[in-house]
Protein chains: 2
Amino acid sequence: MNGSEGKSRQLASFVERLRLHTALPDAEAEALITLPFRLLTRDRHSYLMRQGDELRHCTILLSGFVERHRIGLNGRKQILCFYFPGDPLNLENLYTMRSDDALQALKLSEVAIIQCDDLLSLMQDRPAIMKAIVRSLLIDASISREWIFNVGQRSAKTRIAHLICELGFRKTLQPHHSGGVTLPLTQVQIAEATGLTSVHVNRTLKELQSEKILSYKSGVFTVYDIDALAELADFSPSYFHWFRHNGDGVV
Amino acid sequence: MNGSEGKSRQLASFVERLRLHTALPDAEAEALITLPFRLLTRDRHSYLMRQGDELRHCTILLSGFVERHRIGLNGRKQILCFYFPGDPLNLENLYTMRSDDALQALKLSEVAIIQCDDLLSLMQDRPAIMKAIVRSLLIDASISREWIFNVGQRSAKTRIAHLICELGFRKTLQPHHSGGVTLPLTQVQIAEATGLTSVHVNRTLKELQSEKILSYKSGVFTVYDIDALAELADFSPSYFHWFRHNGDGVV
DNA sequence: CGAGTTCTTGAGCATTCTCAAACCCTGTGG
DNA sequence: CCACAGGGTTTGAGAATGCTCAAGAACTCG
């Protein structure tokens, strides 16, 4: 627990993230940015939360990359969600619920730990903040439903393409984003997120490569033909409910 | 649009539903029950919301049974959620977001239409109500994630068993519930919810019957061996985050 | 009784999985 | 700087789960 008191404006990325879907006056933004928090750094593979934990705080991802997953009694693992910097990781702990899922860092990540009560009282006092947080929850739910659709209805190739589109699109909207989609994902993780086997992911990725749509090399995707990918992926980013769309492209 | 002004205490089922997961003082409960609403009755198969709609109100299911689904560009349909009486159907419209999903009645259903602003101001004024609504959203999200897991990781038999367990369990917690799980579901709908083919659902159901675990006859499930079913289904109801569990049984 | 669902069954097929082994990176320690 | 360890990727062969298509039977509702 290598914590340190946060004083700087590192929560700005959180506000940026909320402003993708909800208008926030500067006063509200400032109130969020100046929330007291504790900074925590976690290595790749380390857990931020485990199944069954009952955390007493909320967590905002400041840098890095995090997955949410659930492992069943059968031992099978399903990745349920990925988080980018600025995303709140565990709003479910606003009201301390026992967690069904685990949160695990996919690379070196920094998070801000904030007190639930601090955030809750902001929500209670300022309607715009309640709106932003509630919409955040609603959008996460919409993304979850898209994942249900993805694993339930799409073929392996479409499914993988859709995942890449989603992550690429979200990455594109990060502050300081510069072209080129780099995602620290192994094929095993793609498999766990799509409900496929890593063997089959490998073969499908290979197919996409031979079709000159993208290439994959140790976590780095290079998308040659974004339109073909989005078309194939059945991807339309409306389910994010964001203001800033760059049309259908992911770059 | 056969509306009528609601005066009675029909929203009591909504409060009951919230109280499954969040303690609500009587004052708050009363405030919710006396919300003004408009009553609407919809036939089987009719839509309460369509993909792309932007509803300006929130809806509580009072009686009947409703599904949420999404149909992709490819024309494939995935059921994403089922709703029982007392469940709020479209909290995402609290802040009027364009819908990605459709809501469709599976049998004759009554809903209460309430004004978003009425509910929002209750949330703003009364922390317990904000808590109840937010927890409701969080629990729906948890259920969605269980569905991702279900469709992504479980075999056909387990998947179907899990769905039956979930619905049976939720039905059990309905007020005025009397033994015997009756769900107005066709095999096609089970297929659409589990990401399987109706043909395959039929064969799998048949298997479950021959194993003396349950029987299915025009929408009526009779569960012979609930323990075997829950065991097979990999089902544990913790993801509902409800106070009242009847252990592991579904009855 | 008739029309429209819904269910059932068969046969053949496709997609995806399992198992197993080899290969190839990348970072680490000697 | 090399060797090794360990994770990650690639390949093959065979098997299984679940799909498609198609048609007939059985309900249900008006």
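Chain letters run A, B, ... following the sequence lines, proteins first and then strands; every chain starts at 1. Every value quoted in this text rests on a predicted model; they were computed, and no experiment measured them.
Taking every heavy atom of both residues into account, Thr204(B) and Lys157(B) meet most closely at CG2-CA, 3.5 Å. Minimum interatomic distance between Ala105(A) and Asp43(A) (heavy atoms only, all atoms of both residues): CB-O, 3.5 Å. Taking both residues in full, the closest heavy atoms of Leu89(B) and Leu61(B) are given as CD2-CB, 4.0 Å, listed atom of the first, atom of the second, then distance.
Residue Asn202(A) places none of its side-chain N or O atoms closer than 4.0 Å to OP1 or OP2 of dT9(D).
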Inset, instruction - Take His162(A) and Phe149(A), measure what side-chain contact (heavy atoms from CB on, under 4.5 Å) needs, and give me the verdict at the end. - result: CA-CA 11 Å; His162(A) 193 278; Phe149(A) 190 98; over 6 Å; no
Legend entry - Pair His57(B)-Asn90(B), side chain to side chain donor-acceptor pair (under 3.5 Å): steps then yes or no: CA-CA 9 Å; His57(B) 57 256; Asn90(B) 62 331; 5.1 Å; no
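Taking the 5' to 3' direction, DNA chain C first and last meets chain B under 4.0 angstrom from a heavy atom at dT6(C) to dA11(C).
Taking atom CZ of Arg154(B) as the reference point, atom P of dT17(D) lies 18 Å away to the nearest angstrom. Between Leu196(A) atom CG and dA16(D) atom C1' there is a gap of 16 Å when expressed in whole angstrom units.
For Ser236(A), the side-chain contact (heavy atoms from CB on, under 4.5 Å) test picks out Ser238(A), with sequence neighbours left out. Residues that satisfy the salt bridge (charged side-chain N to carboxylate O under 4.0 Å, His left out) test with Arg98(B), not counting sequence neighbours, are Glu54(B). In this structure, the ring pair (Phe, Tyr, Trp, His ring centres under 6.0 Å) partners of Phe65(A), at least two apart in sequence or on a different chain, are Phe82(A), Phe84(A).
Where Arg44(B) and Lys206(B) each meet DNA chain C at their nearest nucleotide, the meeting point lying more 5' is that of Arg44(B).
Using a distance-only test at 3.5 Å, with no hydrogens or angles considered, a donor-acceptor pair links the side chain of Asn74(B) to the main chain of Arg76(B).
In this structure, Arg17(A) is not positioned above the aromatic face of Phe14(A) in the sense of NZ or CZ being under 6.0 Å from the six-membered ring centre and within 45° of the axis.
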Inset, instruction - Determine, for nucleotides 20-30 of chain D in 5'-to-3' order, which nucleotides have protein heavy atoms under 4.0 Å from the base (write B), from only the sugar-phosphate (write S), or from neither (write -). - result: BB------S--
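Where the helix from dC1(C)-dG30(D) to dG30(C)-dC1(D) starts and where it ends, the local axes point in directions that differ by 50°; five pairs per end, rounded to 10°.
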